[in-house]
Amino acid sequence: MSIPKILIYGFFVTAVLLIGYFVENYYYLQVLTFIGINTLLALGLNMLMGYAGQISLGHGAFYGIGAYTTAILTVNYQFSPWLSLPCAILLAVTVAFLVGLPTLKLSGYYLGMGTLGFGMIAFIIFREWTSLTGGASGFVGIPSLEAGFISFSSARNYFFLVWAVVLINLIVCGRMIQSRMGRALRAIHDSEKAAMAVGINTMHLKLQIFVFSAAVGALAGFLYAHYISFISPGTFDFLASVRMVTMVVIGGMASIWGALLGAALLTLLPEWLHAFADFEMIVYGLIMMIVMILLPRGLTRGLLDLYEKAGEGTGKGHDN
Amino acid sequence: MITDSAEPEYSPLLKTAAVSKSFGGLKALSDISFEVPKGIVQGLIGPNGAGKTTLFNVITGAYLPDSGSISFLGKEIRGKKLHQIVKMGIARTFQNVELFESMTVIENVMVGCHVRTRSGFWGAVSRIPKVLREEKMIRDRAEELLAFVGLEKESGKKSSDLPFGWQRLLEIARALASDPLLLLLDEPAAGLNAVETRQLGELLGKIRDLGITLVLVEHDMSLTMKISDNILVLDRGCILARGTPREIQSDEAVMSAYLGKSK
């Protein structure tokens, strides 16, 4: 039943290469790059939500921290982006640690509220600290990335860069899940009581994964900032955090490929729905509702279930 | 493993001294003092609400007692974190079976090895040989334990798909994976049929033969009386009686409070 991992990754790499070489349209490449950035966001959050079972409604903040840190360091202080990247991640990690320490003691709705509050505060800082962040009018002139003789200012190269980072993160997350740490995370998700009884330091582990997901969020923010070269607080507001949660839930909790599907759907839908003009948001909402009603466990699991059902329908079935 | 050569031989493995715990106005445990010598099976019986599970929760660190002390291997463990206590060598099972239901049978046992293994995030990502060796060791150990409880054929199944009796065995295997010196079993025979209960009795005997000390809360009297070396009877948070199974069976107070007057 399960497809060998190497085949899946092989398919993934082939798809990225083919798309990268044959898609000429600048707009398509841009949308596909955004899917990559959103996949990163969903991937990090999925580790926290899907695997450790802890919700965060403030992850837009880490996305923003990544973007603003690199913007400020590269523009105001002429840092090389490759130096500002570790700084951005380090800052996100530090903030996540300090925020996670008290909030992760909460659970369920309360953790949701706590992280929501954090996201709001971060957003207000992005918007109101005008001298540093440019305030509501945004931050302009973020340089594009270069590595030696490769310039990532072309849409195609940036597409490859983003998807290479996605691939690395998919592998990292995949390895994490199939490890002692990943098992412990899933154990917390299933029964925190039993996880503690087998000797898992649940608080420590939750904090670790919170910090990890913040780092991935900051990485996505970094890639976003150097791609768009202009950032404004609206990108990292409460709705951004909610969109991240939606990607995880729609794609399928506890599935690294779910992050990809959820990100793809949530990035593509608004683009497709432009045709509906004024009704865009209504159609968007309806589609979300229909997906959740028909596939309550998300796209990945839902599609697998359909596939398995079809298999049984042909009379072949599965021997466990 | 855990060694402590400074300990005199006669010291008990587990000792509680005047442990009390209240929930609001309800005194769940009052002044419980008892000792569990190494290598025995200690039965713990009493009517519902006697405080047996609370005592387990206090010993394993899930609840902090209001007063009194708990020592394990001669060291005070009151106030220690759960994971520290597991690491010292105390494992437990739950009355209502608490498995990791989305995980496979073998993964459940592998999680049980958590406190005896080390690799973390960087190990998981780098997969250096040391980590792979540890991972293999965890898997081997888990397979060995599944075979020990007789579930080796189920290893790839989802744990929630096992019949209830097997879930109990799996929970015991998971607890054993932490290499405990002391294993606390909370009503392991509850919900089992006669055959399963007999098999459980045999398994508990095998576990004792490994040198693991058992504390057993159980309502199934024939099992408890057969397997226990010592029995402690709790009633409404107090110790009602203690002694060998034979002594307990003929104890007047126990008869009236717990077993019901037969004559």
Closest-packed option against chain B by number of heavy-atom pairs under 4.5 Å, given [options]:
| options | value |
| --- | --- |
| Gly174(A), Ala197(A), Gly182(A) | Ala197(A) |
| Thr202(A), Ile188(A), Ile200(A) | Ile200(A) |
| Arg180(A), Met176(A), Arg183(A), Lys193(A) | Arg180(A) |
| Ala184(A), Cys173(A), Ser179(A) | Ser179(A) |
| Ile177(A), Val172(A), Val198(A) | Val198(A) |

Between [X] and chain A, with a heavy-atom cut-off of 4.5 Å, which part of the residue counts as in contact: side chain, backbone, both or neither?
| X | answer |
| --- | --- |
| Thr60(B) | neither |
| Leu99(B) | backbone |
| Ser126(B) | backbone |

Against chain A, work out which of [options] has the most heavy-atom pairs shorter than 4.5 Å and name it.
| options | value |
| --- | --- |
| Gly123(B), Ser102(B), Ala177(B), Cys113(B) | Ser102(B) |
| Ser119(B), Gly112(B), Ser178(B) | Ser119(B) |
| Thr117(B), Val131(B), Asn108(B) | Thr117(B) |
| Glu135(B), Glu101(B), Glu171(B), Glu134(B) | Glu135(B) |
| Val125(B), Ile90(B), Ile85(B) | Val125(B) |

For [X] and [Y], indicate whether the former's side chain and the latter's backbone hold a donor-acceptor pair under 3.5 Å.
| X | Y | answer |
| --- | --- | --- |
| Lys21(B) | Leu64(B) | yes |
| Ser71(B) | Glu76(B) | no |
| Lys157(B) | Leu162(B) | no |

State, yes or no, whether a side-chain contact exists between Ile128(B) and Trp122(B) at a heavy-atom distance under 4.5 Å.
no
Close side-chain approach of Met110(B) and Arg139(B), heavy atoms under 4.5 Å:
yes
Contact summary for Ala194(A) and Arg174(B), nearest pair of heavy atoms:
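Of all heavy-atom pairs spanning Ala194(A) and Arg174(B), the closest is CB-NH2, 3.8 Å.
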Should the pair Tyr63(B) and Phe23(B) be assigned to parallel (<30°), tilted (30 to 60°) or perpendicular (>60°) ring geometry?
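Rings of Tyr63(B) and Phe23(B): perpendicular, as their planes differ by over 60°.
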Are there more than 12 heavy atoms of other residues, nucleotides or ligands under 6.0 Å from atom CZ of Phe97(A)?
no
Taking everything shown except Trp166(B) itself, do over 12 heavy atoms lie less than 6.0 Å from its CH2?
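Incorrect, the count does not exceed 12.
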By side-chain hydrogen bond (donor to acceptor under 3.5 Å, both in side chains), Asp140(B) pairs with (sequence neighbours left out) Lys136(B)
Would you call Glu107(B)-Arg186(A) a salt bridge at under 4.0 Å N-O?
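Looking at Glu107(B) and Arg186(A), the cut-off is met.
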Report yes or no: is the cationic atom of Arg92(B) (NZ for Lys, CZ for Arg) closer than 6.0 Å to the six-membered ring centre of Phe94(B), at no more than 45° off its axis?
yes
Interface residues of residues 208-218 of chain A facing chain B - non-hydrogen atoms under 4.5 Å apart:
Gln208(A), Phe212(A)
